[in-house]
Amino acid sequence: MTIDRPLPLDSGQQLASVTIAYQSYGTLNADRSNAVLVCHALTGDQYVACDHPTTGKPGWWARMVGPGKPIDTDRYFVLCANVLGSCMGTSGPATVDPATGAPFGMGFPVITIADMVRAQAMLLDHLGIARLHAVVGGSMGGMQALAWASAYPERLVSAIVIASAARHSAQNIAFHEVGRQAIMADPDWQGGQYYAAHAPTKGLAVARMAAHITYLSEAGLTEKFGRRLQARDAKSFGFDADFQVESYLRYQGLAFTDRFDANAYLYITRAMDYFDLAEAHGGRLAAAFAGAGDVRFTLVSFDTDWLYPTAESRRIVQALQSVGAAASFVELSAPFGHDSFLLDVPALDRLVAGALRNGG
Amino acid sequence: MALRPDLAIIADAVPAGTRVLDVGCGDGTLIAALRDKGVDARGLEIDPANVTAAIARGQSVVQGDANHDLGEYPAGAFDYAILSQTLQTTERPDRVIEELLRIAPHAFVSFPNFAHWRIRLALLWNGRMPVTRLLPVAWYETPNIHHLTVSDFRELLRERGIVVERAWYLSGDRPTSAAAASWRAEHAIFLISRG
């Protein structure tokens, strides 16, 4: 869907028109009250519950979204839109700039989480959906859900925020910077204008490898790989992928480059690093939720998630309580680190289903 | 399922249309009863399995500890705070009571009475810490680290200038009189306020 209306951005720039690629699941009811917006994470996409067109893999949250699933498409009209700045059909650095006829590359304006949410709100306007039954997201998706509650509280009944944060920490920014530098150090990056030639896949793969480590827990990695060797009986005394964990990371890095654009990775990680919901409200997180007293919130963290730890969710809950919002919070125990929100954690399924049934 | 008698009394006494925080809400049994009668009831609960169960029932419950996390609620955020069967497990019961009455103008506090005649007899005859229906765990593994009696509680309220608006005393599931409560009540429920 293309909206020929300018999208104002936090940077002060604007996009003259925006294309938003989205998928919908289920049916919008007569009074348009059953819409649930699912927000995806950094490298996610709109294929939340249907097969990915490039990889052919099932939707990234197919275990959560679908008929009879916790986000039940028999009851809810589920929307998922590719975020602004991404590369699965929504406007981003790989999009052709109508002014030049060439891909934007680094000419694409730097965007923020709030810009992503503003674009989603335009999509809802276009679809005639005034109010969402819920906005749901994990990780960067949770940041969007929080930004929704801050910017458009009157358009939300409820928000479900999983394994997320209201601001990026120095450590979060640091890991992202490693990834960005890996991309920009790849000679193929060419200042971002690589679309007519080779993409900087080596740099993007390294970025993904570094990030992937942050999505897992140490115990999870140890359990999955230990110090086991990959298809050999002894160390090679060389620099092949001797260890299974090396082989796994190399595969993850490489596979990622088939489906993701390096510049999009730069832009979206930047948006996450710039995210600090309290910043525009005098540093007071509670002030960011001043209008959200009637929104019902459910927050979930995982005990092995060191990327967006429980303390951050608690800080958000405290801010919500101070504005009188109905907030639920639980720290679930799961072995998979930050990635737990995508994996088999039955308690999470029950929580999401219950929170949605109750309108959050 | 029928509510535990002390919870039934509290559920009955809370007026519809009020905002309530149930501190130590377990799996949300009382919250469910309160919501059925039109009370905006929320919870604080320490056990993640209980919190999960309550949220899965569609309730607003935050995982947290009555000892440390009540300070996160703004003053006067609720009309009633409820602390049922939890006071004797807290690190500083007096501070928890003060916190309840900061968060809400009224608070329900219920606890097992350690001066019930059966406990008195057990101590007198056996010289052992009693293990009873309401206090079923041996001394070394009990979460009840601050046993108290009806008289102790009344005295604490008097010292702190806290008013008893109503009180209920239960022997088994049956009410017993205030006058005889000190030795007849297995269980006491107080509705308190700053007056």
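Per chain, numbering begins at 1; letters A, B, ... match sequence-line order. Scope of the values below: all heavy atoms of this structure, side chains included, with no hydrogens, waters or symmetry mates.
Contact residues of residues 168-180 of chain B toward chain A are absent (heavy-atom distance under 4.5 Å). Below 4.5 Å, heavy atoms of chain A meet heavy atoms from Glu72(B), Tyr73(B), Pro74(B), all part of residues 71-79 of chain B.
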query: Can Arg296(A) and Ser60(B) be said to form a side chain to side chain donor-acceptor pair (under 3.5 Å), step by step?
result: CA-CA 8 Å; Arg296(A) 300 176 55 87; Ser60(B) 291; 3.0 Å; yes

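Remark: side-chain polar atoms of Arg314(A) are paired, donor with acceptor, to backbone N or O of Gln63(B) under 3.5 angstrom.
Of all the listed residues (Ala319(A), Ser322(A), Ala327(A)), the one sharing the greatest number of non-hydrogen pairs under 4.5 Å with chain B is Ala327(A).
Within 6.0 Å of atom CG in Asp294(A), 12 or fewer heavy atoms from other residues, nucleotides or ligands are found, so the atom counts as exposed in its surroundings. Enclosure of atom CD in Glu223(A) is not indicated, since only 12 or fewer non-hydrogen atoms of other residues, nucleotides or ligands lie within 6.0 angstrom. Counting heavy atoms of neighbouring residues, nucleotides and ligands inside a 6.0 Å radius, atom CZ of Arg284(A) does not exceed 12 of them. Atom CD of Glu98(B) sits in a crowded spot, with more than 12 heavy atoms from other residues, nucleotides or ligands closer than 6.0 Å.
For the pair Val330(A) and Thr52(B), the tightest heavy-atom approach, listed with the atom from each and the gap, is CG2-OG1, 3.9 Å. Smallest separation of non-hydrogen atoms from Arg19(B) and Gly324(A): NH2-O, 3.9 Å. What you find for Val61(B) and Ser328(A) is that their closest heavy atoms are N-OG, 2.9 Å.
For Val317(A), the part lying under 4.5 angstrom from a heavy atom of chain B is the side chain only. When heavy atoms are compared at a cutoff of 4.5 Å, Ala286(A) does not approach chain B at all. Proximity to chain B involves both the backbone and the side chain of Ala347(A), based on heavy atoms less than 4.5 angstrom apart. Using a 4.5 Å cut-off between heavy atoms, Leu299(A) makes no contact with chain B at all. Contacts of Asp69(B) with chain A are made by side-chain atoms alone, with heavy-atom separations under 4.5 Å and no backbone atom involved.
Gln321(A) CD to Leu44(B) CG: the interatomic distance, rounded to the nearest 0.5 Å, is 8.0 Å.
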Output side-chain donor-acceptor pairs under 3.5 Å for residues 135-151 of chain A, partner residues at least two apart or in another chain, one line each.
| from | atom 1 | to | atom 2 | distance (Å) |
| --- | --- | --- | --- | --- |
| Ser139(A) | OG | His338(A) | NE2 | 2.7 |
| Gln144(A) | OE1 | Gln120(A) | NE2 | 2.7 |
| Gln144(A) | NE2 | His40(A) | O | 3.0 |
| Gln144(A) | NE2 | Met140(A) | O | 3.2 |
| Trp148(A) | NE1 | Gln120(A) | OE1 | 2.8 |
| Ser150(A) | OG | Ala288(A) | O | 2.8 |

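Taking the side-chain hydrogen bond (donor to acceptor under 3.5 Å, both in side chains) definition, one finds that Arg315(A) meets it with Glu312(A), sequence neighbours left out.
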